[in-house]
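In what follows, a single structure is set out as structure tokens and then discussed.
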Amino acid sequence: MLSITLPNGDVREYPDGSRAYDIALSISEGLARNALSASLDGNTVELMAPLEHGGALKMYTWESPEGKQAFWHSSAHVLAQALTQLYPGIHLTIGPAIENGFYYDVDFRGAIPSDKDFPAIEAKMIELARLKAEFKMRSVSKSEALEVYKDNPFKTELIENLEDGSITFCDHGDFTDLCRGGHLPDTGWIKAVKVMNIAGAYWRGDEKRPQLSRVYAISFPKKALLDEYLTLLEEAKKRDHRRLGKELELFAFSQRVGQGLPLWLPKGTALRERLEQFLRTAQKKAGYLPVITPHIGSKELYETSGHYAKYGKDSFQPIGTPEEGEEYLLKPMNCPHHCEIYKTKPRSYKDLPLRLSEFGTVYRYEMSGELHGLTRVRGFTQDDAHLFCTNDQLLDEFKKVIELVLYIFKTLDFTEFKSQVSIRDPEKPEKYIGSTENWDKAESAIVQAAQEMGLPYVIETGEAAFYGPKLDFMVRDALGRSWQLGTIQVDYNLPERFELEYKGSDNQMHRPVMIHRAPFGSMERFVAVLLEHCGGNFPLWLTPEQVVVLPVSEKSIDYAREVSQLLENSDIRALIDERNEKTGRKIRDAEVSKVPFMLIVGELEAQNRSVSVRRHGHGDLGSMSIDEFAQLVQRAVREELGVE
RNA sequence: GCCGGUAUAGCUCAGUUGGCCAGAGCAGCUGAUUUGUAAUCAGCGGGUCGGGGGUUCGAAUCCCUCUACCGGCUCCA
């Protein structure tokens, strides 16, 4: 008998040879009908294979990530089968399920299919799915597995890294693939499939190894779900910051200026400056001291910091002076400059923590294929600061920075973010500089700070910067891609390299610890993510134009100007649509341009000294006095900023 | 940087198998209209079809090359 613990805690006995499916059936017919996969004691098991032992059993449907995972993993097998039939002689490699669908990396060994071939691939997949071929796992010996794949160097490499005895194949129909398991009962579940795109991907993610073709696809148990997904993608595209940035006239790129070098238009600049001001105010309260440093620095500065050795040859190349032959680098980061500011005079423990902040524009050479709107550029402004403190102050300072980041995220309504503690890879010590002892100290300080601040975080081994561990805040863009925003990094390295010191209360010299931090990350990336987050409908306090006054006809322009002037006097940003257009047209254009408030003013309003208020996306709010309206806007702004 | 794709007016896009002066909508300009909660009407201007080279009697269309952009890979101080 098998003793099975169900998620609700019930323990039930089942005959030997029972399958997860049978157990589902014993619970309810509906569960059995909808179950896509199962796990036993946390390990994925086949739904339709006899369970080898008892334990805690969980069933997964389409509604759970595990269910989708099984669905897409199984679909990847069908994709591989379809590609093998359509393109004989190809080498299959790996084909995992991903967050939205699945992919298969293939060496086509010849002509690579293009998007014109996608419909044929989709049709073949559906044709194969309709055969309702059952997925069946079987164990094979290592030598057997190697024999099957003797012509395929990629699978051979995979198998060689597996232990004999733990190698399994999955069969469905006439197709077999090396596979760890976790399948649907049969291919018939796959009702709708879409090949999304095809792109190059290096074998094992290593650019020195062969480049394969990665075929991305997604599949669904119902046609309607696919349509829904495609509609969702269309909607997401409308939120793309590159599109909105153009539509709202926030920023632009010019081929002549250069790749990855954004031009901030007047409205975008107004927005960005408002964001900066917001942070300046918060930082002033938190005891930061603003500084300014130049856009270039002597090469020697970066040799001292260690950055030149690490990044110099892949970066923008040094610029020389014509007479003296000196070499300067475009500033790739602000920290060395701030270290030099620290060194301008002897420091005492009473000076610490010293918090130097700068909206510093930096330039980094990013590979051309990597540039992406405002999220990945070659020139950008960091909301940078460097905190110099004693070891005893480190934890507390770190926590205060987390607090600042959380305040910013809260104000801007970023509720969905992830935090990640990046620590060193203990197996690759050559990647890092600094003593093991300092690394240990820094890593434990970060983890402790994150815990004490109640931050939900994950630890990523091997993701640390070369000079120290860090805590990053990540958010997703409209299309589900993840971007790093804020970052807080501990650094024991630069203080050593720059020989930073302070005199302690013991009259001895000590070395400070440094925290690098940028809550926005960069102004460019932050604006991009904010833009997608709010779909172009910025919070009132941030938006470039808060109010547009719409005179009903030329006769009301004078009054409109008066209203606009009064609002400006109350620090409300207003403009007037003086075009010779009908009111309906002006309203439509204002709605499209996402201005939060529209004030319709005609002869009636001029007579009553009132305005007729319309809110973007909400419609007519009725009329009120100019003063009442100004107070309404001011109150709304105060609420957004959390000010009393 | 690598793989695949794209490039036509300020924007969004048409342009059949190469064939007369390259089109539309929106935006712009001019005029009429004096307008009340999501598009008033009419007229006008605007393009070295991304750059360069080639094939051809003839190229937006076919080929080569460069550049930029899009989707990935890789990297990210």
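Every chain is numbered from 1 and lettered A, B, ... according to where its sequence line falls, protein lines coming before strand lines. Hydrogens, waters and symmetry mates are skipped; everything else that's a heavy atom, side chains included, is used.
B/A59 sits 13 Å from B/G18 when the P atoms are compared, rounded to a whole Å. On the C1' atoms, B/A42 is 25 Å away from B/G36, given to the nearest whole Å. If you take atom P in B/U56 and the same atom in B/U61, they sit 16 Å apart, rounded to whole Å. When the C1' atom is compared between B/C62 and B/C3, the two are found 24 Å apart, to the nearest whole Å. Straight-line distance between the C1' atoms of B/A68 and B/A32: roughly 44 Å, to the nearest whole Å. Taking atom P on both nucleotides, B/C44 is separated from B/G25 by 12 Å, rounded to a whole Å. The C1' atoms of B/A7 and B/G52 are separated by 15 Å, rounded to the nearest whole Å. When the P atom is used for both B/G28 and B/G10, the distance is 14 Å, rounded to whole Å.
Salt-bridge annotation for A/E532 and A/K237: absent, with no side-chain N of the basic residue lying under 4.0 Å from a carboxylate O of the acidic one. A salt bridge links A/R242 with A/D240; the closest basic N to acidic carboxylate O contact falls under 4.0 Å. Between A/E554 and A/R579 there is no salt bridge, since no side-chain N of the basic residue sits under 4.0 Å from a carboxylate O of the acidic one. Between A/R424 and A/E463 there is no salt bridge, since no side-chain nitrogen of the basic residue lies less than 4.0 Å from a carboxylate oxygen of the acidic one.
Rounded to whole Å, the distance from CZ on A/F253 to C1' on B/A7 is 18 Å. When rounded to the nearest whole Å, the span between CG of A/L248 and P of B/A27 equals 17 Å. Rounded to an integer number of Å, the gap from A/F251 CZ to B/C69 C1' is 14 Å. Per the geometry, NZ belonging to A/K313 stands 13 Å off C1' belonging to B/C75, to the nearest Å. Look at CH2 on A/W483: it is 11 Å from C1' on B/C76, rounded to the nearest Å. Nucleotide B/G71 holds its P atom 17 Å from the NZ atom of A/K194, rounded to whole Å. Summarising the geometry, the separation between CZ on A/R256 and C1' on B/G51 is reported as 12 Å, rounded to the nearest angstrom. Atom CD in A/Q259 sits about 14 Å away from atom P in B/C66, given to the nearest Å.
A/V291 places none of its side-chain heavy atoms less than 4.5 Å from the side chain of A/S357. When side chains are defined from C-beta on, A/Y363 does not count as touching A/I296, because their heavy atoms never get closer than 4.5 Å. Between A/F520 and A/V527 there is no side-chain heavy-atom pair separated by less than 4.5 Å. Here the side chains of A/H386 and A/L494 are not in contact, with every heavy-atom distance at 4.5 Å or above. Side-chain atoms of A/D577 and A/V548, non-hydrogen and from C-beta on, do get closer than 4.5 Å to each other.
Looking at A/S610 and A/S625, their side chains never bring a donor and an acceptor atom within 3.5 Å of each other.
At B/G5, none of the side-chain N or O atoms of A/S114 fall inside 4.0 Å of OP1 or OP2 (strictly under the cut-off). For A/R242, a side-chain nitrogen or oxygen approaches OP1 or OP2 of B/G71 to under 4.0 Å. For the pair A/Q484 and B/C76, the criterion of a side-chain N or O lying under 4.0 Å from OP1 or OP2 is not met. OP1 or OP2 of B/U67 has not a single side-chain nitrogen or oxygen of A/Q255 nearer than 4.0 Å. Distances shown here put every side-chain N or O of A/R376 at or beyond 4.0 Å from the OP1 or OP2 atom of B/C76. Taking 4.0 angstrom as the limit, A/Y365 places none of its side-chain polar atoms (N or O) nearer than this to OP1 or OP2 of B/A77.
Judged by atom type and distance alone, A/E366 does not reach the base of B/C76 through any side-chain donor-acceptor pair under 3.5 Å. A donor N or O paired with an acceptor N or O is not found under 3.5 Å between the base of B/G72 and the side-chain atoms of A/Y202.
Listed by chain and number, the residues in a ring pair (Phe, Tyr, Trp, His ring centres under 6.0 Å) with A/Y342 are A/F388 (sequence neighbours excluded). Residues meeting the side-chain contact (heavy atoms from CB on, under 4.5 Å) test with A/T375, sequence neighbours left out: A/H241, A/H372, A/W483, A/R525, A/A528.
Contacts classified as salt bridge (charged side-chain N to carboxylate O under 4.0 Å, His left out) and involving residues 514-524 of chain A (residues at least two apart or in different chains) are given here: A/R272-A/E524.
Nucleic acid contact class of A/E463 (heavy atoms, under 4.0 Å, all strands): none. Counting any heavy atom pair closer than 4.0 Å across all strands shown, A/G602 reaches a base atom. Backbone-only contact: A/H372 has heavy atoms under 4.0 Å from sugar-phosphate atoms and none from a base. Within 4.0 Å (heavy atoms only), A/E554 reaches at least one base atom of the nucleic acid. Residue contacts shown for A/A199 include a base, since a base heavy atom lies under 4.0 Å away.
Sparse packing is recorded around NZ of A/K418, with 12 or fewer heavy atoms of other residues, nucleotides or ligands lying under 6.0 Å away.
The aromatic ring centroids of A/F629 and A/F597 lie less than 6.0 Å from each other.
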Review point. If the sugar-phosphate is the primed atoms plus P, OP1 and OP2 and the base is the rest, what is the B/S/- string for nucleotides 37-42 of chain B, using protein heavy atoms under 4.0 Å?
Key: BBBB--

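Nearer to the 5' terminus of RNA chain B, by closest-nucleotide assignment, is the contact made by A/I112 (compared with the other of A/I112 and A/R579). Between A/K246 and A/C335, the residue anchored closer to the 5' end of RNA chain B is A/K246, taking for each the nucleotide with the nearest heavy atom.
In the set B/G72, B/G4, B/G36, B/G36 carries the atom at the smallest distance from any side-chain atom of A/L604. Checked against B/C73, B/G36, B/A77, the side chain of A/A465 finds its nearest nucleotide in B/A77.
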Study note, to complete from the structure: Given Watson-Crick and G-U pairs under 3.5 Å, RNA chain B in dot-bracket ([ ] crossing, | other strand) is (((((((..((((.....[...)))).(((((.......))))).....(((((..]....))))))))))))....

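Look at A/Y311 and the base of B/A77; the rings stack, centres closer than 5.5 Å and planes less than 30° apart.
Heavy-atom distances under 4.0 Å link RNA chain B to no residue of residues 377-385 of chain A.
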